[in-house]
Structure formats: structure tokens, C-alpha cells
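First the structure, in the form of C-alpha cells, and then the observations on it.
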Amino acid sequence: MALTGAAVAWVLRKFTSLTLVQSYAIGVFIMTCFAPALYVAGSDGRASFVGAWMQYAIGGVVGFVILCSTRPKRKDNNPDEGSLRQ
């Protein structure tokens, strides 16, 4: 899910002026909402959407942390928004 969220983030960054962290957050959020629906649809109605969404929400938070911790560090003098560097 994190890799698919990162792919969605890459597409978002190509068409908008979002920062890397913002696009990661939106991409993971989209996949957190979309993936449980696919899981429930493929389970022949035996899985609950709320239960699947809770599992994928936890996975989304973990995936977002992994994406943010492995993002490339910028080497120029223009830090990302929200960065403490000045």
C-alpha cells in the first residue's frame, strides 16, 4: 500500500505544486480509503469494511512514516515547507 501511495504521490507531484510530504500524505490517504474496498469486494462479503479500514489505516500510518523517513534529503538551500532548517 505504501508503494502504491508513493506512486499516486508521484503522479500528484507531476500535475500539482505539492511538496513531497504533502503528496505522500494524500497518496497514502487515497490508498487507505481505496484498498479496504478492494479487500472487502474480493472476500465474498465475509469481511467488514470497517474492520478492513482500521487495519489499512494502521498500515497507512506505518507506510507514511516509512516513506517520510526514506525520502531523499534536499541538498539545495530551499528546504521543504514545515522543515525546521532556515
Side-chain angles (χ1 to χ4, degrees):
M1 182 175 71
L3 290 176
T4 310
V8 171
W10 180 78
V11 171
L12 283 172
R13 289 203 59 192
K14 292 296 175 189
F15 296 109
T16 63
S17 63
L18 295 173
T19 65
L20 185 64
V21 175
Q22 289 171 339
S23 64
Y24 279 165
I26 292 171
V28 170
F29 176 76
I30 289 170
M31 290 312 299
T32 300
C33 294
F34 184 67
L38 290 177
Y39 176 74
V40 171
S43 69
D44 297 330
R46 287 180 271 155
S48 80
F49 180 77
V50 174
W53 187 86
M54 292 168 101
Q55 291 176 347
Y56 280 96
I58 293 168
V61 170
V62 171
F64 179 74
V65 169
I66 291 170
L67 286 173
C68 286
S69 65
T70 60
R71 71 182 172 159
K73 303 299 180 210
R74 298 183 75 164
K75 294 182 181 179
D76 59 357
N77 292 332
N78 298 327
D80 280 346
E81 291 179 19
S83 176
L84 297 175
R85 295 182 298 163
Q86 300 253 343

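Computed from a predicted model, the values in this text were never measured in an experiment.
Annotation: side chain to side chain contact (heavy atoms under 4.5 Å, CB included) contacts of Leu38 (sequence neighbours excluded): Phe34. Annotation: side chain to side chain contact (heavy atoms under 4.5 Å, CB included) contacts of Phe49 (sequence neighbours excluded): Pro36, Ala37, Val40, Trp53.
Between Ala57 and Thr32, the shortest heavy-atom contact is CA-CG2, 3.6 Å. Contact detail for Leu20 and Arg13: the closest heavy-atom pair is CD1-NH1, 3.2 Å. The shortest non-hydrogen separation linking Val28 to Gly60 is CG1-O, 3.3 Å.
Looking only at side-chain heavy atoms (C-beta outward), Phe29 and Phe64 stay at 4.5 Å or farther from each other. With a 4.5 Å cut-off on side-chain heavy atoms, Val8 and Ile26 do not count as touching.
Side chain of Gln55 to backbone of Ala52: no donor-acceptor contact under 3.5 angstrom is found.
Other members of the cluster containing Phe15 are Trp10, Val11, with ILVMFWY side chains joined at under 4.5 Å, either directly or via other members.
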